[in-house]
Amino acid sequence: MEDLIVSSSSSSSMLSSSQENPATTLQQKLQYILQTQPQNWTYAIFWQTSKDDNGRIFLVWGDGHFQGITKHKVHKSGSHPQRKKVMRGIQALIGENPDGYGPVDGDVTDMEWYYVMSLAQSFSLGDGVPGKAFSSGSLVWLSGENQLRFYNCERAKEAQTHGMQTMVCIPTTNGVLELGSDDMITENWNLVQQVKLIFDSSGINGSSGQIISFSDIGVVTGFQEEEAKAKK
């Protein structure tokens, strides 16, 4: 399952092979960043700023794109029927395959699962890798199992557990771009500058920045069971 798009915008498809040209929408920017890099990045997520009822800023899922793992690294994670159920539920929630029984081809890998589960997450300032990057205004670049495992953040540990070797959070004016890869990738300042140029040069279009709760699709219990198994 590759080129996985999960968007909180009702106009976006969760599962599609988008061939749009780079332009101004958030989804197009994410795909452009992934497709123009010499390194093999697995996914991109843009964490967008929002405000709670008290005016406090926090980060929510703006949009994301899962490009896929490198072909020479096929991670076997076994069969997880519950994961397919969750994927179908998300499809129904965002308006695709409203009966909740649309096709989910093949097994859902650990990295795809990690990516999709990010949809329901949010971060206060200083919380998690995205929150730390945004509050400090500084790049966070973690490469290798040890850096991910021992970084003082649960999200970094989860990334490593699900097969990621590199996790990067780049702060921008409107949020944070998170990139992940199953390859070890060293710091690349050309990438950082490109991200800032693309994401700071104009507003963020094509995303509603909504929080989606998995309780809305009745699969919280299954999700918790999967996470408990992963931590054993």
Side-chain angles (χ1 to χ4, degrees), residues 1-7 12-23 25-47 61-78 83 87 104-119 121 128-130 133 139-149 151 153 155-172 175-199 230:
M1 186 186 300
E2 296 187 355
D3 287 317
L4 175 64
I5 300 171
V6 180
S7 174
S12 295
S13 167
M14 177 186 170
L15 299 174
S16 66
S17 296
S18 176
Q19 299 297 326
E20 295 175 312
N21 292 324
T25 70
L26 180 51
Q27 181 59 224
Q28 290 169 338
K29 289 179 179 181
L30 293 173
Q31 292 189 41
Y32 180 75
I33 288 293
L34 289 173
Q35 294 168 4
T36 57
Q37 300 306 312
Q39 302 88 2
N40 295 306
W41 292 101
T42 303
Y43 72 87
I45 297 172
F46 188 79
W47 299 101
W61 175 288
D63 213 341
H65 187 82
F66 188 93
Q67 183 165 250
I69 62 177
T70 54
K71 292 183 178 180
H72 67 279
K73 288 186 176 181
V74 179
H75 296 266
K76 300 293 185 179
S77 55
R83 293 184 179 183
M87 299 282 272
V104 178
D105 297 330
D107 290 330
V108 180
T109 68
D110 287 345
M111 279 173 281
E112 287 169 332
W113 183 248
Y114 170 82
Y115 168 80
V116 172
M117 290 301 98
S118 301
L119 182 64
Q121 294 195 0
V129 186
L139 166 73
V140 177
W141 193 298
L142 305 173
S143 184
E145 291 185 6
N146 287 338
Q147 287 192 17
L148 288 165
R149 184 184 302 142
Y151 189 74
C153 171
R155 181 163 178 80
K157 295 180 176 66
E158 290 177 356
Q160 188 273 326
T161 300
H162 287 81
M164 293 298 168
Q165 291 288 324
T166 302
M167 182 180 184
V168 177
C169 282
I170 304 172
T172 70
V176 173
L177 178 67
E178 176 184 325
L179 298 169
S181 176
D182 59 332
D183 282 344
M184 284 189 61
I185 301 176
T186 57
E187 285 192 24
N188 181 347
W189 284 100
N190 289 331
L191 168 61
V192 176
Q193 293 304 315
Q194 183 183 28
V195 167
K196 289 186 175 293
L197 178 65
I198 292 175
F199 285 85

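These numbers come from a predicted model, not from an experiment.
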field: Side chains of Glu158 and Thr161, donor plus acceptor under 3.5 Å
entry: no
message: Side chains of Gln165 and Asp183: any donor to acceptor distance under 3.5 Å?
response: no
So, the side chain of [X] versus the backbone of [Y]: is there a donor-acceptor pair under 3.5 Å, distance only?
{"X": "Tyr115", "Y": "His65", "answer": "yes"}
{"X": "Thr166", "Y": "Gly180", "answer": "no"}
{"X": "Lys196", "Y": "Pro171", "answer": "yes"}
{"X": "Gln147", "Y": "Ser143", "answer": "yes"}
{"X": "Thr172", "Y": "Phe199", "answer": "no"}

message: In terms of relative ring orientation, are Trp47 and Trp61 parallel, tilted or perpendicular, with 30° and 60° separating the classes?
response: perpendicular
message: Ring-plane angle category for Trp41 and Trp141, please: parallel below 30°, perpendicular beyond 60°, tilted otherwise.
response: perpendicular
message: By the definition side-chain contact (heavy atoms from CB on, under 4.5 Å), identify the one residue from Gln67, Glu178, Glu112, Met111 that meets it with Tyr43.
response: Glu178
- line: Scanning both residues in full, the closest heavy-atom pair of Met184 with Gly144 reads CE-CA, 3.9 Å
Could you state the interatomic distance from [atom1] ([X]) to [atom2] ([Y]), rounded to the nearest 0.5 Å?
{"X": "Leu148", "Y": "Leu142", "atom1": "CG", "atom2": "CG", "value": "5.5 Å"}
{"X": "Thr186", "Y": "Gln39", "atom1": "OG1", "atom2": "CD", "value": "7.5 Å"}
{"X": "Asn190", "Y": "Gln194", "atom1": "CG", "atom2": "CD", "value": "8.5 Å"}

- request: Check whether any side-chain heavy atom of Leu30 sits under 4.5 Å from a side-chain heavy atom of Leu177, and report yes or no.
  value: yes
message: Is any side-chain heavy atom of Val168 closer than 4.5 Å to one of Val140?
response: no
